[in-house]
Number of protein chains: 2
Amino acid sequence: MSVYEKMRQALITGKYKPGDRLTEEALTEEFQVSRTPIRSALKQLEFDGLITPLRRGYVARSFSRKDIRQIYDVRSLLEGYAASLSAIHRTDEDLDNMYAANAAFYSTITEQEDNKIEHIQAILQKNHQFHQAVIRASQDPHTEDLIRKVVVLPLVFHSFFWFQQRELEQSFHLHEVIIAAIKDQDSARARSAMHEHIYQGRDRVLEQLEREKG
Amino acid sequence: MSVYEKMRQALITGKYKPGDRLTEEALTEEFQVSRTPIRSALKQLEFDGLITPLRRGYVARSFSRKDIRQIYDVRSLLEGYAASLSAIHRTDEDLDNMYAANAAFYSTITEQEDNKIEHIQAILQKNHQFHQAVIRASQDPHTEDLIRKVVVLPLVFHSFFWFQQRELEQSFHLHEVIIAAIKDQDSARARSAMHEHIYQGRDRVLEQLEREKG
DNA sequence: AAACGCTTTATTGTATACAAAATAATCACT
DNA sequence: AGTGATTATTTTGTATACAATAAAGCGTTT
């Protein structure tokens, strides 16, 4: 695992908390490499939007409620668009991938592992793989690239929320709707279902935030 | 001007042509700095999508017709979305900026400078400033950031085309429509006018490409 | 005691040497 | 002469020393 991947993981899992200062020197200590690869990793993380550049160095980025809302909204726009393209371009192989990814998602969410952190990670990963399968089928690498930039929100913001069984099953169901629309080459429906799916995720996150802060 | 900006300029203006190999050593010669800032600039240009990473080093990126089409399409989506947000959030100051930017655009296109390269650059710059004014008014830094990634197409692809007076005036007119819709807080109209405007740009580029290649 | 300027320290920017790895070139062998 | 393995060369990855600059600390002045 590269330094970049390790730091990314640390930011996403919350090991570095928003506002934490990240100095090159300290990171060389932590990862036992020189400043050169650290600098490279920091630059990439800046691009990902996970850290904020200061006049001197970086801090782990903090996300306001407004940030989260805006990020989810534009993500919904882009993934909806990708889904509509997929409905046009999908091959049989693409459909197989989506079915397989959603089946894997289902078996993970029905595992009933008492919300252990590994279980949550597994669910998030399977969910991600489903979305990737849809995005890939769009055959549009540029859109794919933009979406990647917009799904990097730290785990804190989408982990401990929607892990009510009912909501997981709702996600599974919407995945099915999305696949069906793409199969039927109904691009308007694919787009709208994807929009809806992501907005539901957004709302859960925002509700949870409301509960925490207020 | 930083090394990054110089290299970016060189790529956009076509000094480095698609497929040209970019080695760190050669660039240290050219810019008379060490490899460290060169590496930093290359990484940034990779994020911008202006260069393609190889197993060893980079090449100046080449854009296929398909690439151009897909990039313009998703740009239209994003800028249309930004325009619709602007219609909701715009302040009087935002409107002033848009009017001013479009007025500057108009006086530049009516200068009749016989399509000198500086004139073309000036037109592109004024056009860019208008778009920035609209995007800014959206108050959505994340969308703004995504759009930046998608307007970096080298100059070659959008310079010598739409410099027919008639088409420039068409652009000016659509700018006016966009501003009016934003002023009226008619977000659907703002979005659709912006879509249309960018698609027109896309089509001119694609037509020109058709003419060139055969 | 607050504010200003100076000195010190911390931290990044740059250059460069060396290690590792990929590509190119060479030579031996068939 | 063509092919494959081996060596040489090019090129990037990494470490580190030094320079430049920003931030912090400190004392002096008002």
Side-chain angles (χ1 to χ4, degrees), chain A residues 1-64 141 145 148-149 152 154, chain B residues 1-64 141 145 148-149 152 154:
Chain A
M1 201 147 88
S2 69
V3 174
Y4 163 70
E5 283 164 335
K6 282 185 202 160
M7 290 186 60
R8 189 167 187 276
Q9 205 60 24
L11 286 161
I12 291 177
T13 57
K15 187 179 161 199
Y16 303 140
K17 297 193 196 336
D20 284 1
R21 186 101 190 278
L22 300 172
T23 73
E24 295 181 2
E25 194 54 42
L27 293 166
T28 59
E29 271 302 308
E30 184 165 349
F31 293 105
Q32 292 293 312
V33 293
S34 81
R35 278 176 54 212
T36 311
I38 297 283
R39 283 176 61 86
S40 165
L42 286 171
K43 215 150 211 311
Q44 194 139 358
L45 292 165
E46 178 189 350
F47 170 74
D48 289 342
L50 283 169
I51 61 179
T52 310
L54 263 39
R55 260 211 292 206
R56 204 99 193 166
Y58 294 92
V59 292
R61 160 132 202 212
S62 63
F63 293 90
S64 68
D145 197 52
R148 184 145 32 80
K149 241 206 103 131
V152 291
Chain B
M1 200 146 87
S2 67
V3 174
Y4 162 70
E5 282 162 337
K6 282 186 204 157
M7 289 185 61
R8 189 167 187 279
Q9 207 59 24
L11 286 161
I12 290 177
T13 58
K15 187 178 158 201
Y16 303 141
K17 299 197 193 335
D20 283 1
R21 185 101 191 280
L22 301 170
T23 73
E24 296 181 3
E25 195 53 41
L27 294 166
T28 60
E29 271 304 307
E30 183 163 353
F31 293 104
Q32 292 294 309
V33 293
S34 79
R35 278 176 53 211
T36 311
I38 297 283
R39 282 176 63 84
S40 166
L42 286 172
K43 212 155 208 324
Q44 196 139 355
L45 292 166
E46 180 189 347
F47 297 150
D48 290 343
L50 283 169
I51 60 179
T52 310
L54 261 40
R55 260 210 293 203
R56 203 97 194 171
Y58 294 92
V59 292
R61 161 133 198 208
S62 64
F63 293 90
S64 68
D145 196 51
R148 184 146 33 80
K149 239 208 103 131
V152 291

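Just so we're on the same page: letters track the sequence lines, and every chain starts at 1. Quick caveat, the model's predicted, so the values are computed rather than measured.
- For B/Glu46, there are no salt bridge (Lys or Arg N to Asp or Glu O under 4.0 Å) partners, not counting sequence neighbours.
- Side-chain N or O atoms of B/Lys43 include none that pairs as donor or acceptor with a backbone N or O of B/Ser40 at under 3.5 Å.
- For A/Arg55, taking side-chain heavy atoms from C-beta onward, the closest of the listed nucleotides C/dT23, D/dA22, C/dG13 is D/dA22.
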Between protein and nucleotides 7-9 of chain C, what N or O pairs are separated by less than 3.5 Å?
none

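- Spacing between atom CD1 of A/Ile51 and atom C1' of C/dT12 amounts to 14 Å, rounded to whole angstrom units.
- Counting only residues at least two apart or on different chains, no ring-ring contact (aromatic ring centres under 6.0 Å, His included) pair has a member in residues 2-35 of chain B.
- By the side chain to side chain donor-acceptor pair (under 3.5 Å) test, A/Glu24 pairs with A/Arg35, A/Arg39, sequence neighbours left out.
- If you measure from atom CZ of B/Arg39 to atom P of D/dT12, you get 9 Å, rounded to the nearest angstrom.
- Atom CG of B/Leu54 is separated from atom P of C/dA22 by 13 Å (rounded to the nearest Å).
- By the side chain to side chain donor-acceptor pair (under 3.5 Å) test, B/Ser2 pairs with B/Glu5, sequence neighbours left out.
- For B/Asp145, the side chain to side chain donor-acceptor pair (under 3.5 Å) test picks out A/Lys149, B/Arg148, with sequence neighbours left out.
- Listed in residue order, the members of residues 19-38 of chain B having a heavy atom less than 4.0 Å from DNA chain C are B/Val33, B/Ser34, B/Arg35, B/Thr36, B/Pro37.
- Remark: A/Phe47 pairs with B/Phe47 by the ring pair (Phe, Tyr, Trp, His ring centres under 6.0 Å) rule, at least two apart or across chains.
- For B/Lys15, the salt bridge (Lys or Arg N to Asp or Glu O under 4.0 Å) criterion is met by B/Glu30, not counting sequence neighbours.
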